[in-house]
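Below is one structure, written out as structure tokens, with a few remarks after it.
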Amino acid sequence: MAEEPKITKDMTIGDVIEKHPDCATVMMESGLHCIGCHVATHESIEQGSQAHGMSDEDIDKMVVKMNEAIEKKD
């Protein structure tokens with residue numbers, strides 16, 4: 001049985017960065033540059049990404065990359 005992903009697009013940007021700081025690099029490289037913004041603590045990955053013009057496909061790819069980054073670290 002596959003393990004549930006640790007990061008999902010409905011999680012807030014702030015929560016993800018707090019729990020997995022290395023994901024900030026993945027977000028920045030993917031075009032999500034609002035990591036330090038005060039809204040990031042309340043906005044989901046999906047909401048923030050859409051606000052920056054990212055497609056659903058781009059958001060999904062970024063979430064996969066973040067989960068891969070976490071797996072490598074574990």
Side-chain angles (χ1 to χ4, degrees):
M1 187 158 97
E3 186 178 324
E4 288 289 316
K6 293 183 179 184
I7 297 174
T8 60
K9 61 186 176 184
D10 63 330
M11 296 174 73
T12 65
I13 297 167
D15 284 346
V16 172
I17 298 302
E18 184 178 319
K19 293 175 185 168
H20 309 287
D22 293 342
C23 288
T25 302
V26 176
M27 289 181 189
M28 294 289 286
E29 289 173 352
S30 299
L32 185 60
H33 302 115
C34 58
I35 294 161
C37 173
H38 70 283
V39 177
T41 57
H42 305 291
E43 200 168 48
S44 72
I45 292 170
E46 183 174 41
Q47 292 168 327
S49 299
Q50 289 173 338
H52 286 274
M54 294 175 69
S55 69
D56 290 340
E57 184 180 351
D58 289 338
I59 297 166
D60 291 340
K61 286 180 184 177
M62 180 177 64
V63 170
V64 168
K65 286 180 185 177
M66 287 189 285
N67 280 297
E68 288 173 349
I70 291 170
E71 288 174 19
K72 286 180 187 177
K73 195 160 187 170
D74 289 346

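Numbers here simply count residues along the sequence, with the first being 1.
Residues satisfying the side-chain contact (heavy atoms from CB on, under 4.5 Å) criterion with Glu29, sequence neighbours excluded, are Thr25. For Lys61, the salt bridge (charged side-chain N to carboxylate O under 4.0 Å, His left out) partners at least two apart in sequence or on another chain are Glu57.
From His20, atom NE2 reaches atom CE of Met27 across 9.5 Å, with rounding to the nearest 0.5 Å. Within the model, atoms CD of Glu46 and CG of Leu32 stand 12.0 Å from one another, a figure rounded to the nearest 0.5 Å. Taken to the nearest 0.5 Å, the CG atom of Asp15 stands 10.5 Å off from the CG atom of Asp10. Distance check, rounded to the nearest 0.5 Å: CD1 of Ile59 to NE2 of His52 gives 11.0 Å.
One N or O on the side chain of Asn67 and one on the backbone of Lys6 form a donor-acceptor pair closer than 3.5 Å.
Shown here for Lys65 and Val26, the closest heavy-atom pair between the two residues is CB-CG1, 3.6 Å. The two atoms that bring Cys23 and Val16 nearest to each other are CB-CG1, 4.0 Å, heavy atoms only. The two residues Ser49 and Met62 have their closest heavy-atom pair at OG-CE, 3.3 Å. Annotation for Val63 and Thr8: closest pair CG1-CA, 4.3 Å, computed over non-hydrogen atoms.
With contacts defined as side-chain heavy-atom distances shorter than 4.5 Å, the pair His42/Thr12 does not qualify. Taking 4.5 Å as the limit, every side-chain heavy atom of Ser44 sits out of range of all side-chain heavy atoms of Lys9. Looking at Ile45 and Met66, their side chains come closer than 4.5 Å, going by heavy atoms from C-beta outward.
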